[in-house]
Amino acid sequence: MADLPIVRFEEKIIETVEKNPVVVVIGETGSGKSTQLSQMLYKRGYAKSGMIAVTQPRRVAAVSVSRRVAQEQNVRLGEEVGYAIRFEDRTSEKTHIKYLTDGVLLRESLFNPELNQYSVIILDEAHERSLNTDILLGLMKRLIKRRHSNLKVLITSATLDGGKVSRFFSDCPVLTVPGELFPVEIVHISERPKNYVEASLKTAIDIHVREPEGDILIFLTGQVRVFSPPPPHCRRFIVSTNIAETSLTVDGVVYVIDSGYVKQRQYNPSTGMYSLEVVQISKVQAKQRAGRAGRTRPGKCYRLYPSMVYHDDFLDATVPEIQRSSLAETVLYLKSLDLADMDILKFDFLDSPSMESLEDALKQLYLVDAIDENGSITSLGRKMAELPLEPSLSRTLLEANELDCLSQALTVVSMLSAETTLLPAPSKSSEKKRKHTPSNLPDGSGLGDHIQLLQIYEQWYQTDYNVDWCKENNLQVRGMLFVRDVRKQLSQIMHKIAKGSLDVQTSKRRRDSQQEYRILRKALFIGYANQLAERSIRHNGYRPLGFKSELVQVHPSSVLKPDEDGMLPNYVVYHELIVTSRPFMRNVCAVEMRWVAPVLAKLEKLNVFKLSGGSSQPDEQIQEVTLNVEKKEIATIQSPEGRDSRIQAARERFLARKGQK
DNA sequence: GAGCACTGC
């Protein structure tokens with residue numbers, strides 16, 4: 001075993017684990033907790049009745065840590081020591097110590113809720129509070145009380161508030177293991193700068209002039225750039241986002257400049273919108289950033305904020321992801337576990353999401369038929385939960401299977417899973433700037449971005465997955481290969497849950513495209529019933545239905561085309577609402593007027609009080625479902641096929657009810 | 001007519 005600080009605490013750790021079902025281990029960076037705890041427990045026979053699982057929030061960590069442990073154990077990776085991440089399971093019957101991402105462990109617990117294959121579960125890096133880790137914490141709390149076979153749970157983290165986790169687990173013991181960091185001197189500036197980018201550069205130059213050698217790591221909110229090794233006798237300036245807090249270790253850093261800010265994605269359950277905001281970091285993050293200066297020798301951290309701001313203004317810990325995300329997928333997952341005496345609104349989270357966020361999730365699940373009007377999971381919902389997708393997309397796949405366009409839907413859904421990597425790669429040379437983005441790529445036939453994604457993938461398929469074709473068309477190769485992997489995985493799961501023979505083959509022939517696209521759009525419409533927007537009568541602004549009224553625009557990058565009069569479709573479904581300079585719908589798909597009525601009717605009779613199993617406060621049952629249509633517009637709006645009396649009737653009933661309030 | 005931090009099944 002390696003000579004790490006944690007090794008000196010072996011007896012104490014084993015003794016504590018022996019006596020307690022749950023133990024919290026606080027270990028600073030360099031303590032060796034990620035590699036040593038599993039080996040200690042293995043040595044003491046804890047893997048006799050099951051494997052020792054160690055979860056990681058990131059794939060690379062699961063792979064690299066397991067590789068090190070295999071080396072230390074002197075075994076081949078994949079045998080006694082292995083790992084499991086999405087698309088890759090390197091374990092065997094021999095495996096005693098298994099590293100896996102927290103997402104993989106959640107998937108496993110869907111099929112084996114007691115997780116009987118494991119005798120020990122170590123949740124590593126719990127301080128990061130990833131959405132998946134938070135769900136696992138809640139599940140572990142239930143499991144240690146209910147599982148028939150013996151289970152030991154260890155929760156390890158760098159700077160987690162041990163007391164809080166201990167209270168959560170009925171005052172379990174907390175062990176603290178020192179790390180192997182060098183001391184870091186903290187310097188606060190006396191006043192917050194107006195421009196922190198400028199201030200950080202000034203500070204960097206200052207360090208360069210006055211301080212001895214050593215690289216400088218600067219934490220800003222954008223512009224990731226970690227340079228390659230410098231020529232000798234040169235000092236590196238590394239500008240980074242929070243990626244260098246965890247995922248990335250840069251050797252040679254002695255000085256850290258911390259702007260005190262981070263860009264964070266936030267979900268607003270009342271509007272259904274995501275926004276990316278620059279917010280103040282937490283104390284935990286500030287400590288993490290400072291620690292990056294002490295990895296190779298004593299270092300210095302310059303904080304571009306007064307120490308009073310740090311003490312009085314900064315939150316102790318970062319707002320956990322579970323309080324910043326849409327929870328439809330999470331709630332569906334928990335519902336599908338069929339936990340005994342489980343009320344979803346009262347699930348025991350370390351930090352509970354808001355009632356509003358949970359109710360928003362229930363509302364969305366109801367609209368995509370995953371739960372019924374009483375909040376019970378449907379058989380459809382159970383199948384949806386088996387797919388590693390957000391509910392809109394899993395619903396689309398199941399509907400597509402019914403409508404006989406599964407193959408196309410699989411492609412679209414997989415392309416959406418790699419959304420960001422798919423966007424045209426940043427243009428390499430500035431000379432090409434004048435040229436428009438290559439127009440060789442298909443345009444979705446004017447029907448929207450989903451159809452375009454389908455067409456792009458089908459073209460790639462026709463080149464036999466040619467990598468050069470991707471490059472020529474400004475598509476990110478890694479993204480496209482990822483899409484192919486996702487598509488394969490989803491096909492396999494569909495085979496399993498839908499039974500029978502399915503057509504999942506990517507299409508080469510050109511049938512009647514318009515008809516084919518129409519059926520696909522219908523499937524997308526059913527899947528995105530929770531993400532339907534209605535166009536304003538006079539202009540091309542839309543209002544998302546079922547959320548607090550806000551005017552949104554189709555994102556300029558969309559390929560959706562207006563008609564001869566310059567008007568966009570009366571209704572669209574969208575993949576995402578994102579607020580940047582203004583609220584935008586990203587990835588939109590044209591839908592037909594005649595499809596819309598049943599969804600409007602469903603929106604109308606939405607009753608969150610019932611959906612939540614009647615457990616929310618009576619005051620909260622008055623749900624503000626706004627159909628977002630102004631009265632004067634209702635009188636005039638007509639569908640292209642003529643008046644759709646059902647839509648009209650649904651609207652009128654809704655407005656009448658609203659008028660009564 | 002925009003411009004986006006980081007993960008994961």
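Remember, it's a predicted structure, so these values are computed and weren't measured experimentally. In what follows, chains carry the letters A, B, and so on, assigned in the order in which the sequence lines appear, proteins first and then strands, with residues in each chain numbered from 1.
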Figure out the [atom1]/[atom2] separation between [X] and [N], and round it to whole Å.
X	N	atom1	atom2	result
A:Q285	B:dC6	CD	C1'	11 Å
A:E277	B:dC6	CD	P	17 Å
A:L131	B:dC6	CG	P	18 Å
A:Q56	B:dC9	CD	P	12 Å
A:L276	B:dC6	CG	C1'	10 Å
A:Y83	B:dC9	OH	P	12 Å
A:F482	B:dT7	CZ	P	12 Å
A:R86	B:dT7	CZ	C1'	13 Å

Output the single nucleotide from [options] whose closest atom is nearest the side chain of [X].
X	options	value
A:R582	B:dA2, B:dA5, B:dC9	B:dA2
A:T580	B:dA2, B:dA5, B:dT7	B:dA2
A:F584	B:dA5, B:dG8, B:dG3	B:dG3

Please determine if A:K263 forms a cation-pi arrangement with A:F219, meaning its NZ or CZ atom is less than 6.0 Å from the six-membered ring centre and no more than 45° off the ring axis. no
Backbone N or O of A:R487 within a donor-acceptor pair of the A:S491 side chain at under 3.5 Å? yes
Below the 4.0 Å mark, does [N] have OP1 or OP2 next to a side-chain nitrogen or oxygen of [X]?
X	N	value
A:T101	B:dC9	yes
A:S581	B:dG3	yes
A:R58	B:dG8	no
A:R59	B:dC9	yes

Check every strand shown and say whether A:I85 touches a base, only sugar-phosphate, or nothing at a heavy-atom separation below 4.0 Å. sugar-phosphate
Looking across every strand, which nucleic acid part, if any, lies under 4.0 Å from A:Q553 by heavy atom: base, sugar-phosphate, or nothing? nothing
Test A:D258 against every option in A:R292, A:Q285, A:R289 by the side-chain contact (heavy atoms from CB on, under 4.5 Å) rule and name the one that passes. A:R289
Name the residue from A:E399, A:E386, A:M384 that meets the side-chain contact (heavy atoms from CB on, under 4.5 Å) definition with A:S394. A:M384
Any side-chain heavy-atom pair of A:L362 and A:I371 under 4.5 Å: yes
